[in-house]
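Below: the structure, in structure tokens.
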Amino acid sequence: MSTEDRPSAPRSLAEALRGRDDVSLGALLRSRPDLITPVPTDLTQLATRAGTRASVVRALERLDRFTLQTAEALAVAADPATYDELLGLMAGDDADPAVVQALPHALGVLREQALVWGGDDRLRLVRTARELLAPSPQHPSPTGLGPTVQEATAGMSPGRIQEIVTAAGLPSTHDSVSAVTSLTELFSDRRRMGALLAGAPADSLDVLERLVWGPPYGQVTADPAPRLRWLLDRGLLLPTAPGTVVLPREVALHLRRGLAHRTPEPVPPAVEAVAVHRPQVVDSTAAGQAYTALATVEELLKDWDEGGPAVLRAGGLSVRDLKRTAVALDVPEPVAAFWVELAYAAGLIAPDGEADERYAATPAYDEWRELPAAERWSRLVTAWLAATRTAGLVGGRDAKDRTLSALGAGLDRSAAPEVRHRVLALLAGLPEGAAPAAESVLARLRWERPLRGPQREDDDLRGRLAEWALSEAELLGVTGRGALSAHGRALLGAPAAPAKSPEAEPSGPGDKLPVHHRPAHVPTLSATEQAVASAAAARLLTPLLPEPLDHVLLQADLTAVAPGPLQRPLADMLGVLADVESKGGATVYRFTPGSVRRALDAGQSASDLHAFLAAHSRTPVPQPLTYLIDDVARRHGHLRVGAASAYVRCDDDAVLGEILADKRAASLGLRRLAPTVLAAQTDPVVLLEGLRAMGFAPAAESAEGDVLITRAHAHRTPPRTAPEPVPDGPPVPDDTLLAAALRAIRAGDLASTTPRKPGTAPEVNGELPRTGSAETLATVQAAVLTGEALWIGYVNAEGAASQRVIAPIRVEGGFVTAYDHTADEVRTYPLHRITGVAELADDAG
């Protein structure tokens, strides 16, 4: 191909973007969705936005370690650099084969994300990225390299530069520029540098060895030691400030054998399996955990059924209430915080909005309870996957050193959903039944999203999120014994596990691709896809969950054993009639006088209780339990308490005499009004509790003398929606939005780049044409007759200005009807909103 036929190299990022097709531009907008929020008017504006600091920082933070190392290498290379120069910085003189294989993909990612542009002969890192990654005294480069010879000698006197050139064995020059160039060429020449360093004292070489991998700066005294003086005389160390010297970049690269990084990492670390279990064992263990999760959430909501803890003034749950909840659930406080946050994220609990605001179950909880167990589990896990609230932060401190409380503000971490999905995706890449080493998962995540800047391991939020994700997945039954279950795999919409051995490397989605082509991140599912995946997970879990039982085993020691989960009516009734003594694979209930009285207070009769136990016990009803129910029922309601302030009445005056004689009744302020009536100086509730503490079984009665049936009144909030996750930046555009955005950008670019006739267009690029109303009308009418296209400026009803290329069809009534080339459709424009017109050049296509 002749020189004239060869396409010219792009002179700017905008030109490079203009040469892309829609597939390539779409990939850019998907990887950097902030670039179309809002949609740019043309490709020039898109390029400008892609070079802003905030957008570049966000893009750099989403690069994997090797791709980021590639960008860092370009930041210390010449601008522009060739591909061979970049390869030398990444692979070194030994040309590491793994780096050679992985570099094209890493460079392709940088190009796709518009961080690098230009051909292989002129690679340019966008200016903002170079400013962020290039070494400076204030912001050292991750490469550990210092400034170039030219940068380090910028303020040096010409005489001193000539002294260094002469000491290095180079001929003196007539100016500093050529002297610095000569010194740079020497330091960049492997053979000549080898000869220079061959004559260096051993202790001078030790100094270079300490600085070679960074930091490149060192301290010297006013009278340097001989080993330092030898280096300073030859420019192998250059002064940057009084008492400070630096190792020039060219010298360091020679000592490093050309490597920009001490340890290039082209291959992601393997996710190692520490144990392999039978898949059936993993699934059954996970199912057991899933059942426990459901029982724990139900127990939490049951504990808060009549109104939960008060809402703190600043929002959230107090430390004392969290401790009480942990004791009620018999779990550590961090685990209790997780269950509370999960119920909140699923929309099952919320503040009630009353004057004395408390937490309570929502109406959605009653609907959730009626669902099959597997569907209830999928609702919880789906909420967990999408939630940005992070229970692991509870008890920590915020930026203002305030304690972070459960259900309070400050717990949202927008990266949490992505980390959870990624952790589970890494587990899905292992063979069935393989449990990974947690540290290998963390190492993989750090490679995919390396820490940048002055952060330390303690600041590794993604690492902590990953650790929490592993433990929470086990609590929820997504994993069993550390390995991903079949229903957990279905929850991700993931394919079947690979059949290879756990030691095979690497693991994760995309295993069939070469290492450097594997995707670093698995995108989260859309709402519709997640609903389908959750339904599939529920179907797989259903046969693994135990069927609810309709019976218990009554024992002679006044206990009942439930050998598995009970049907809801049976569990609810048994929860009133007996107290839970122990939990586990089988739940043990104990019958006490207080629990039986509780059932009688709820409106049950002794015959009802006998019939209930006989119907639901696989063993005969023990005689002690029959006697207990009859004895409590016989005394239940024998005493009656009403409002007088309060009174006690009983047909047996001997019982009232016994009460008056009891010293424990002194605080109740009782006195006899009649042989069968006592009056009290306390309210009925306190009187009931006092008499029950004395061993009696009084019943409350209404003003009409009827027994009051006391039932637990469930307290519900008004309808509430679950908290919305806090997004991690703009969402990835869907296909419809992407197509519309690309069309708008292309249209705006066509309008802004179409050639105009000389003298008819504004000289400032991007400025709208300005013509008077008479000239505008005349030009448009002439274009109708000639069929020519025009370039117009247009301001819509909202005041937004745009440029358009139109072919006028007719002009009437103050409107022009034209075919809009930028919108690819016929439109009508009010003439008063057209700022001006310009004719297009004759060769405009």
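In this text, all values refer to a predicted model and were calculated from it rather than measured experimentally.
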>> Run the side-chain hydrogen bond (donor to acceptor under 3.5 Å, both in side chains) test against D330 and tell me which residues pass, sequence neighbours left out.
In response: none
>> Tell me the closest heavy-atom pair linking L668 and A680, and the distance in Å.
In response: O-CB, 3.7 Å
>> Could you work out, with side-chain contact (heavy atoms from CB on, under 4.5 Å) as the rule, every residue matching D572, not counting sequence neighbours?
In response: R369, R568
> Residues two or more places apart in sequence or in another chain: which of them pass side-chain hydrogen bond (donor to acceptor under 3.5 Å, both in side chains) with T285?
Replying inline: none
>> Quick test of your reading: applying side-chain hydrogen bond (donor to acceptor under 3.5 Å, both in side chains), list the pairs with at least one residue in residues 553-564, sequence neighbours left out, ordered by first then second residue.
In response: Q555-T559, D557-T559
>> Test: side-chain hydrogen bond (donor to acceptor under 3.5 Å, both in side chains). Region: residues 339-358. Which pairs qualify, not counting sequence neighbours?
In response: E341-R389, D352-H715
> Could you give all pairs that pass the side-chain hydrogen bond (donor to acceptor under 3.5 Å, both in side chains) test and reach residues 399-411, with sequence neighbours left out?
Replying inline: R397-T403, D398-R402
>> L470 and side chain to side chain contact (heavy atoms under 4.5 Å, CB included): which single residue from L427, V478, L424 fits?
In response: L427
> Residues in ring pair (Phe, Tyr, Trp, His ring centres under 6.0 Å) with F612, at least two apart?
Replying inline: H616
>> Would the distance check show the side chain of R376 and the main-chain N or O of L371 forming a donor-acceptor pair, the cut-off being under 3.5 Å?
In response: yes
> So which heavy atom on A345 is nearest to which on A387, and how close?
Replying inline: CB-CB, 4.1 Å
>> Minimum heavy-atom separation for V632 and P593, please, with both atom names.
In response: CG2-CA, 3.9 Å
> What salt bridge (Lys or Arg N to Asp or Glu O under 4.0 Å) pairs are there with at least one residue in residues 667-677, not counting sequence neighbours?
Replying inline: none
> Does anything in residues 531-547 pair up under side-chain hydrogen bond (donor to acceptor under 3.5 Å, both in side chains), and if so which pairs, sequence neighbours excluded?
Replying inline: T382-S534, Q530-S534
> Which residues satisfy the side-chain hydrogen bond (donor to acceptor under 3.5 Å, both in side chains) test with Q289, sequence neighbours excluded?
Replying inline: none
> What residues, two or more places apart in sequence or in another chain, satisfy side-chain hydrogen bond (donor to acceptor under 3.5 Å, both in side chains) together with D608?
Replying inline: S605
> Residues two or more places apart in sequence or in another chain: which of them pass side-chain contact (heavy atoms from CB on, under 4.5 Å) with R320?
Replying inline: S318, R324
